[in-house]
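The block underneath contains the structure these notes are about, expressed in structure tokens.
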Amino acid sequence: MKFFVDTADLKEIKDLASTGLLDGVTTNPSLVAKSGAANFVELIREIAAIVPGPVSAEVGATDYETMYEEAKVLAKIAKNIAVKVPLTPAGLKVCKQLSENGTMVNVTLCFSAAQAILAAKAGATFVSPFVGRLDDIGSDGMNLISEICQVYSNYPAFKTEVLVASVRSPQHVVSAALLGAHVATIPPKVIRQLFDHPLTDKGIAQFVADWQKCGQKILP
Ligand code: G3P
């Protein structure tokens, strides 16, 4: 399973990239606004230089013509850019054109298996179903992941990867992995929570105390 970090915060990206566990980055207009960056294109250029894997950069427009022009600018920033487009007729039209030209595309704001089928047919590299936002309205985000994984596995010609987005907890990550989702894009806080277990902390404290007691050394 690939891990992307869901943030536009350069400091967080650098810090998490240093763990060696990061496979990519996803951003969206809300995350860019939160980052306070002055220049979006420059911000994406910097992120793409830190992480070799796919970096999702989202278009701002909603009409086909402007979206396509924006997409061309974003795709040129670096080789590892995945242009992010919304799951609308215009977004999928842009997706089809970009993917035919070899540009990675992340189709975002997916809330149904029907939409995920359309994204795959449009040649999306990634489809982003938002599990947390479905849970928020009393629906079951993981059920959507299960449906999409099942549908995609019925059609080996579909090459689109399921990128689980709107992740809110380590349990979301584990549930997505159990269902065989290809990627989870995870907020920095949740990535850090993945490391945590009280028995790990307790075990380390015990081992450190015993090591000190026995006076052994590994390094000369
Ligand atoms: O990047 C898209 C998605 O992960 C947003 O998550 O928490 O705003 O629903 P959230």
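Just follow the structure's listing: the first ligand is 1, and inside any ligand the first atom is 1.
To the nearest 0.5 Å, atom CG of residue Leu178 and atom CD1 of residue Ile145 are 12.5 Å apart. Distance check: Lys84 NZ to Thr125 OG1 gives 13.0 Å after rounding to the nearest 0.5 Å. To the nearest 0.5 angstrom, Ile44 atom CD1 is 4.0 Å from Thr27 atom OG1.
Surrounding NZ of Lys72 are more than 12 heavy atoms belonging to other residues, nucleotides or ligands, all under 6.0 Å away.
Ring geometry for Phe158 versus Tyr155: interplanar angle of 30 to 60°, hence tilted.
If you number the atoms of ligand 1 from 1 as listed, the ones under 4.0 Å from a heavy atom of Asn28 come out as 1 (O), 2 (C), 5 (C). Against a heavy-atom cut-off of under 4.0 Å, Phe130 is close to the following atoms of ligand 1: 2 (C), 3 (C), 5 (C).
In this structure, Glu58 falls outside the shell of residues with a heavy atom less than 4.0 angstrom from ligand 1.
Taking atom 1 (O) of ligand 1 as the reference point, the nearest protein heavy-atom neighbour is Asp6 OD1, 2.9 Å. Ranking the protein heavy atoms by distance from atom 7 (O) of ligand 1 puts Arg168 NE, 3.3 Å first. Of the protein's non-hydrogen atoms, the one nearest atom 8 (O) of ligand 1 is Arg133 NH2, 2.8 Å. Of the protein's heavy atoms, Ser166 CA, 3.3 Å lies nearest to atom 6 (O) of ligand 1.
Among Thr26, Asn28, Asp6, Asn106, the single residue meeting the side chain to side chain contact (heavy atoms under 4.5 Å, CB included) criterion with Ser128 is Asn106.
For ligand 1, the polar-atom distance check against Thr185 finds no nitrogen or oxygen pair separated by under 3.5 Å.
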